[in-house]
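Just below is one structure, and these are the notes that go with it.
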Amino acid sequence: MSLTPTEPINIIPRLKAETIASIVKKGVRLDGRKLDEFRELTIIPNYLPKAQGSALVKLGSTQVLVGVKLEVGTPYQDAPDEGVIIVSSEFVPMASPVFEPGPPDENSIELARVIDRSIRETHAIDLKKLAIIPGKKVWTVWIDIYVLDHGGNLMDASSIGTLAALMTTKVPKAEINENEEVIVDKATSIGPLPLNRKVATVTLGKISDVLIVDPDNEEESVLETKLTIAVTEDGLIAGIQKSGQSSITEEEAIKAAEIALQKGRELIDKVTQLVESSAETVKQENNNSAADSASNEASEGEGVEEGSGKNPEEDSGLEKDGGLGGSEVSLKSESKE
Amino acid sequence: MSEEGSKKREEKPRTLVAPGDLLARGEYKILTPTTVQRRGDSYYALVVGLATVDDEAKTIKLIPLQGPYYPSVDDLVIGIVRSIGLTSWEVDIRAPSPAILYASDYLGRPVNPARESLSDYLDVGDVIIAKIQVFDRTRDPLITTRGKGLGKVTTGAVVEISPVKVPRVIGKKGSMQSVLEGETGCRLVVGRNGRIVVNCPNKDLEEIVVLAIRKIEAEAHTTGLTDRIKEFILTEKVRRGLIGGR
Amino acid sequence: MGGKGEKPKLIMEDGKRHDGRLPDELRPIKMEIGVLKNADGSAYVEFGKTRVVAAVYGPREAQPKHIASPYRAVLRCRYHMAPFSTDERKSPAPSRREIELSKVIREALEPVVMTEMFPRTSIDIFIEVISADGGTRTTSVTAASLALADAGIPMKDLVAAVAVGKADGVLVLDIDQVEDNYGEADMPVAAAPSLNEITLLQLNGVLSMNEFKEGLSLALKGIGEIYKIQKETLKNKYLQVEGE
């Protein structure tokens with residue numbers, strides 16, 4: 001049963017809530033951002049050694065880790081020659097004082113399903129290329145979204161993480177033996193996961209009739225309603241989800257879609273740039289093992305002012321290496337296993 | 001109240017409305033704030049009901065045709081004891097939460113839970129007539145039986161109708177209730193919560209008055225109801241041989 | 001979506017749809033209120049072969065007590081599909097889809113219910129899809145809104161809902177299962193017409209900006225028609241008695 005939430009995600013002083021509401025009317029926000037400005041974005045691609053693709057995303061203080069694992073599975077009956085996508089999300093208890101252990105709640109399920117639809121409906125992944133034995137064995141693409149720190153707008157952070165992780169995903173080598181069994185060699189990859197197009201969500205919040213992009217958790221606790229709009233790199237609307245207690249007008253919906261199309265393309269470009277620049281760094285690093293972490297940080301932090309230099313792992317407690325450690329480990333694991 | 005007065009009232013134009021219907025624009029006084037909402041200079045219906053817009057007196061009234069009972073202080077209610085505590089009873093008054101009746105209020109003296117059991121005075125299932133004493137958003141309604149006509153019901157029958165139909169059973173300044181009582185010789189205690197205690201001279205008259213109340217409930221939104229009820233009671237009396245044919 | 005296999009033709013040579021409807025035509029609609037005796041309010045709504053029963057209990061004591069708010073009634077909403085509602089038997093255990101839809105349906109109703117009038121209570125909305133042929137969430141919103149009004153719970157407006165889809169490149173109103181399975185997009189919309197507010201908006205599939213604008217406007221036009229039927233349904237219950 002879905003129940004009206006009566007406890008706010010975080011209680012903020014009433015005065016501050018009023019300030020947030022009144023300041024957006026003037027076109028600015030408490031942290032100095034413009035109404036349509038995303039928080040600072042950092043991406044550490046290939047963060048996980050045991051996943052085929054991954055990314056740690058920091059959007060402001062929100063941290064989301066996305067892991068993509070490819071496993072051999074059976075296709076759906078109605079699409080026997082296509083791979084399968086399964087998106088799940090976990091709001092782990094460490095991420096927020098209001099997250100409880102247990103099965104995913106409606107917010108977590110909603111998030112996973114919105115992300116799922118955005119990539120499924122756009123055919124973002126070329127599933128036709130993921131058949132191993134058509135009709136019998138296909139790759140199942142497991143996308144697991146792990147929210148590590150809830151600083152607001154989990155949707156877009158998860159969407160960015162999913163896009164970045166998919167861009168880094170490598171398809172393992174799979175051989176079919178004489179008994180029609182699939183033998184997977186995870187240590188060897190046959191190439192990147194085939195992608196058709198890039199998709200990202202842009203979430204707008206409505207506070208006293210003003211639309212703001214990428215609400216942080218203080219803003220989320222005062223806003224009345226949210227609109228998440230998935231957009232493709234070629235300028236199409238690829239999914240919408242309204243959430244929250246309140247409503248929007250037709251004009252607001254259209255305005256939100258226009259903002260999302262513009263911001264979404266910028267966002268996809270930025271994610272692409274962050275993922276690719278870091279991949280280049282990794283290549284360089286492989287060629288020249290003397291590359292130190294400082295240069296890694298510099299190149300990875302392109303278009304990013306601060307935050308990339310900070311150790312995200314200190315917050316998440318996952319890895320002791322800094323900056324690019326993730327990608328390093330990932331490459332090592334590929335050769336190791 | 002004379003019959004003509006209530007008739008005149010009934011002939012005022014009343015419109016059947018639904019939530020979201022625009023009732024009027026301009027400056028009006030809302031007589032029923034729980035069923036009408038003002039947005040800007042427009043007035044909208046919040047419920048399905050009968051709206052009366054009086055352009056001379058500049059008033060808007062909307063009587064709902066269905067809806068829950070929500071207590072307010074001083075309401076007369078008919079309650080049914082649902083559980084017994086050490087010093088108080090929990091009483092069902094058809095509100096979202098049960099009402100509390102303190103033993104000291106009911107008995108008019110302090111109680112000693114160690115020596116006496118409240119079930120000796122009021123048991124589960126007993127019917128009481130009470131008034132809402134205290135009720136706000138912070139607590140369950142508190143009721144009292146101290147006052148004239150309040151207390152335990154020992155005779156008669158209880159009829160349940162939709163709480164929003166209660167004003168119709170009472171009628172304008174008690175006109176409908178007078179008709180019911182006058183034509184049948186029964187005594188009615190009408191609780192705001194849609195429960196009515198009837199005490200009648202005999203079983204036939206009790207049946208007739210219960211049927212009449214049901215008819216009022218079913219036809220609450222129609223006009224000319226008082227006359228039809230009079231007619232109905234008369235017909236029923238004739239049918240049962242309580243009075244001679246016409 | 002997800003439906004694969006041989007894709008049928010969705011738009012015929014004469015511009016009509018596979019079931020003979022025009023692109024902006026709703027399915028045959030039936031609405032009834034007060035269909036359940038025990039519930040405080042109830043409604044049955046039918047859009048073609050999609051059939052939904054909604055029931056409302058409350059305002060009643062919020063259970064468990066800790067969910068109660070001193071400032072307002074909480075809404076509890078369950079959208080559920082009966083095992084026999086679909087082509088293949090559906091497991092009665094709540095799916096992830098049903099959990100999400102329970103949430104979006106609740107949020108579609110929140111803006112209109114005068115919850116602040118009933119502090120510390122809950123208003124429970126139970127929705128059973130007894131036959132599913134596309135548009136079950138929108139039919140559910142339409143039915144739940146009627147059931148709330150039938151329960152006499154004060155509401156700023158009724159909420160009506162419909163989905164617009166894109167089938168063979170054409171924007172179509174009130175898509176059925178076939179159009180949902182094989183079409184390019186499904187955009188459910190709910191709105192409170194007198195408030196001029198959209199209370200539910202989702203899009204599964206891909207649309208251009210212009211298609212989105214047109215689709216939204218088509219949905220709101222359909223909602224206007226459904227809203228009219230809702231009001232007639234609510235009023236008819238009393239007009240019938242009056243006419244006797």
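Each chain gets a letter, A, B and so on, in the order its sequence line appears, and its residues count up from 1. Scope of the values below: all heavy atoms of this structure, side chains included, with no hydrogens, waters or symmetry mates.
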Distance in Å, [X] [atom1] paired with [Y] [atom2], rounded so as to fall on 0.5 Å steps:
{"X": "A/Leu261", "Y": "C/Ser208", "atom1": "CG", "atom2": "OG", "result": "9.5 Å"}
{"X": "C/Leu207", "Y": "A/Ile240", "atom1": "CG", "atom2": "CD1", "result": "7.5 Å"}
{"X": "A/Asp116", "Y": "C/Arg96", "atom1": "CG", "atom2": "CZ", "result": "8.5 Å"}

Which answer fits [X], side chain, backbone, both or neither, if we ask what part of it has an atom under 4.5 Å from a heavy atom of chain C?
{"X": "A/Leu227", "answer": "side chain"}
{"X": "A/Ser246", "answer": "backbone"}
{"X": "A/Ala230", "answer": "neither"}

For chain A, which residues of residues 158-177 of chain C have heavy atoms nearer than 4.5 angstrom:
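Hits under 4.5 Å: none found.
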When only pairs under 4.5 Å are counted, which of [options] shares the most heavy-atom pairs with chain C?
{"options": "A/Ala238, A/Gly235, A/Ser118, A/Gly244", "value": "A/Gly244"}
{"options": "A/Arg113, A/Arg117, A/Glu252", "value": "A/Arg113"}
{"options": "A/Ile229, A/Val231, A/Thr249", "value": "A/Thr249"}

Between C/Thr199 and A/Ser247, is a side chain to side chain contact (heavy atoms under 4.5 Å, CB included) present by the stated rule, with each step listed?
CA-CA 5 Å; C/Thr199 67; A/Ser247 53; 3.9 Å; yes
Do A/Glu106 and C/Glu100 make a side-chain contact, defined as non-hydrogen atoms from C-beta onward lying under 4.5 Å apart?
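Answer no - side chains too far apart.
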Winner by heavy-atom pair count (cut-off under 4.5 Å) against chain A, out of C/Arg72, C/Lys103, C/Met187, C/Met209
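Greatest number of close heavy-atom pairs with chain A: C/Lys103.
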A/Glu258/C/Lys213 ion pair, N-O < 4.0 Å
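Looking at C/Lys213 together with A/Glu258, the answer is yes, because their closest N to O distance falls below 4.0 Å.
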Do the side chains of C/Glu107 and A/Lys242 get close enough for a salt bridge, i.e. N-O under 4.0 angstrom?
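No, C/Glu107 and A/Lys242 are not salt-bridged.
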Please step through side chain to side chain contact (heavy atoms under 4.5 Å, CB included) for the pair C/Glu211 and A/Leu236, ending with a clear verdict.
CA-CA 10 Å; C/Glu211 287 167 338; A/Leu236 294 170; 5.7 Å; no
For a side chain to side chain contact (heavy atoms under 4.5 Å, CB included) check, start with the C-alpha distance between C/Leu201 and A/Gln241, then their side-chain angles and the critical distance, and finish with the verdict.
CA-CA 6 Å; C/Leu201 177 59; A/Gln241 184 88 345; over 6 Å; no
Donor-acceptor contact below 3.5 Å, side chain A/Thr4 vs main chain C/Leu75
yes
Is C/Leu200 in contact with chain A via its backbone, its side chain, both, or neither, using a 4.5 Å heavy-atom distance?
backbone
